[in-house]
Participant: 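Got a structure for you, written out below as structure tokens; questions coming shortly.
The chain is numbered in sequence order, starting from 1.
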Amino acid sequence: MKALHMKDHVITKCVLHNVKKYYGDYGLGIIEKGFRIKYCNDSTKIAIIRCAHRSHKYVQSTLPFITMIGDVRAKFCTIYTGATIMQCNKFIIKHQQQVLDRMVGNIASAKERNDFIKRVMEFEIE
């Protein structure tokens with residue numbers, strides 16, 4: 001089984017394709033303005049998807065139906081819906097800190113632990 005490497009342009013293409021599949025040109029037209037992947041972390045498999053207020057329901061309702069990205073199986077879950085990117089940033093940082101707290105105890109060496117923490121807490125918004 002191949003590992004999923006999350007890249008923003010691949011996720012964008014996949015989401016737009018599925019919105020068009022389920023909602024047609026009307027749905028695609030509604031979400032295209034303002035749609036963008038703002039953050040994508042390959043280690044934690046978390047992404048922030050930005051879209052206009054009136055179009056978020058089209059995106060959110062389509063995500064559970066996406067099962068493949070290319071030839072790799074994928075599953076999308078919405079863990080938070082926020083009104084602003086800053087609120088989403090705060091939630092992601094808190095969420096990743098909780099993941100760290102659970103996972104760091106299972107890593108034996110200090111170097112591996114530090115590398116893992118660095119990868120998980122990497123947070124760069126475009």
Side-chain angles (χ1 to χ4, degrees):
M1 179 180 279
K2 291 185 177 181
L4 176 62
H5 297 289
M6 291 178 54
K7 301 291 182 213
D8 58 347
H9 65 279
V10 175
I11 295 172
T12 299
K13 183 178 174 183
C14 182
V15 171
L16 291 176
H17 170 76
N18 279 282
V19 167
K20 181 172 179 159
K21 178 179 173 183
Y22 293 109
Y23 292 105
D25 289 331
Y26 176 76
L28 186 62
I30 286 180
I31 72 158
E32 275 185 328
K33 184 175 181 173
F35 181 84
R36 186 164 173 221
I37 304 296
K38 293 295 285 182
Y39 167 73
C40 190
N41 188 324
D42 201 30
S43 300
T44 59
K45 306 294 189 226
I46 291 178
I48 294 178
I49 300 173
R50 186 189 109 204
C51 57
H53 176 69
R54 67 180 194 163
S55 66
H56 78 281
K57 291 190 180 206
Y58 290 96
V59 175
Q60 192 171 0
S61 65
T62 303
L63 291 178
F65 296 112
I66 300 173
T67 57
M68 298 290 281
I69 297 179
D71 58 349
V72 180
R73 292 186 68 78
K75 179 180 178 183
F76 283 85
C77 299
T78 303
I79 59 173
Y80 182 74
T81 302
T84 65
I85 294 296
M86 287 306 297
Q87 291 301 316
C88 293
N89 292 350
K90 290 177 187 177
F91 178 83
I92 295 294
I93 290 170
K94 196 180 297 183
H95 178 76
Q96 287 179 212
Q97 188 64 49
Q98 291 171 352
V99 169
L100 272 176
D101 292 343
R102 287 193 307 263
M103 299 298 289
V104 168
N106 300 334
I107 300 174
S109 76
K111 183 178 180 342
E112 288 177 10
R113 190 176 302 125
N114 289 337
D115 290 343
F116 180 76
I117 290 170
K118 190 176 180 181
R119 280 194 323 265
V120 169
M121 293 309 288
E122 177 183 286
F123 197 84
E124 295 177 16
I125 296 255
E126 297 176 3

Participant: Going from NZ on Lys38 to CD1 on Ile92, what distance comes out if it is rounded to the nearest 0.5 angstrom?
Facilitator: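 Rounded to the nearest 0.5 Å, the NZ-CD1 separation comes to 14.0 Å.
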Participant: Would Ile79 end up clustered with Ile85 when hydrophobic side chains under 4.5 Å apart are linked, directly or stepwise?
Facilitator: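 Linked, Ile79 and Ile85 end up in one cluster.
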Participant: Under the side-chain hydrogen bond (donor to acceptor under 3.5 Å, both in side chains) definition, can you give me all pairs with a residue in residues 46-58, not counting sequence neighbours?
Facilitator: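 Those involving residues 46-58 do not exist here.
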Participant: Distance check, rounded to the nearest 0.5 Å: Thr62 atom OG1 versus Ile31 atom CD1?
Facilitator: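 Spacing of OG1 (Thr62) from CD1 (Ile31) equals 7.0 Å.
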Participant: For residues 59-68, which residue pairs pass the salt bridge (charged side-chain N to carboxylate O under 4.0 Å, His left out) check, not counting sequence neighbours?
Facilitator: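 Listed once each, the pairs would be none.
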Participant: To the nearest 0.5 Å, tell me how far Cys40 SG sits from His9 NE2.
Facilitator: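 With rounding to 0.5 Å, SG (Cys40) is 10.0 Å from NE2 (His9).
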Participant: Using the test side-chain contact (heavy atoms from CB on, under 4.5 Å), find all partners of Thr67 that sit at least two apart in sequence or belong to another chain.
Facilitator: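 Partners of Thr67 by the side-chain contact (heavy atoms from CB on, under 4.5 Å) criterion come out as none, since no residue qualifies.
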Participant: For Asp115, what residues pass the side-chain contact (heavy atoms from CB on, under 4.5 Å) criterion, not counting sequence neighbours?
Facilitator: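 Partners of Asp115 by the side-chain contact (heavy atoms from CB on, under 4.5 Å) criterion, ordered by chain and then number, come out as Lys111, Arg119.
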Participant: Here's a test for you: under side chain to side chain contact (heavy atoms under 4.5 Å, CB included), which of Val15, Val19, Ile30 qualifies with Phe35?
Facilitator: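 Testing each of Val15, Val19, Ile30 against Phe35, the sole residue satisfying side chain to side chain contact (heavy atoms under 4.5 Å, CB included) is Val15.
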Participant: Under the side-chain hydrogen bond (donor to acceptor under 3.5 Å, both in side chains) definition, can you give me all pairs with a residue in residues 15-29, not counting sequence neighbours?
Facilitator: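 Output for this query lists Lys20-Asp25, Tyr23-Ser61.
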Participant: Between atom CD of Gln87 and atom NZ of Lys90, what is the distance when rounded to the nearest 0.5 Å?
Facilitator: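 Going from CD on Gln87 over to NZ on Lys90, the span is 4.5 Å.
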Participant: I'd like to check the salt bridge (charged side-chain N to carboxylate O under 4.0 Å, His left out) partners of Lys94; sequence neighbours left out, ordered by chain and number.
Facilitator: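 Lys94: no salt bridge (charged side-chain N to carboxylate O under 4.0 Å, His left out) contacts found.
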Participant: I need the single residue from Ile48, Asp8, Val10 that forms a side chain to side chain contact (heavy atoms under 4.5 Å, CB included) with Ile37. Which is it?
Facilitator: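 Passing option: Asp8.
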Participant: Any side-chain heavy atom of Ile69 within less than 4.5 Å of one from Phe76?
Facilitator: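 Yes, their side chains come closer than 4.5 Å.
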Participant: Would you say OH of Tyr80 has more than 12 non-hydrogen atoms from neighbouring residues, nucleotides or ligands within 6.0 angstrom?
Facilitator: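 Check passes, neighbour count above 12.
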Participant: Just wondering, do Tyr39 and Asn89 contact through their side chains at under 4.5 Å, heavy atoms?
Facilitator: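 No; the side chains remain at least 4.5 Å from each other.
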Participant: So how far is it from Ile66 CD1 to Ile11 CD1, rounded to the nearest 0.5 Å?
Facilitator: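 So the CD1 of Ile66 and the CD1 of Ile11 are separated by 9.0 Å.
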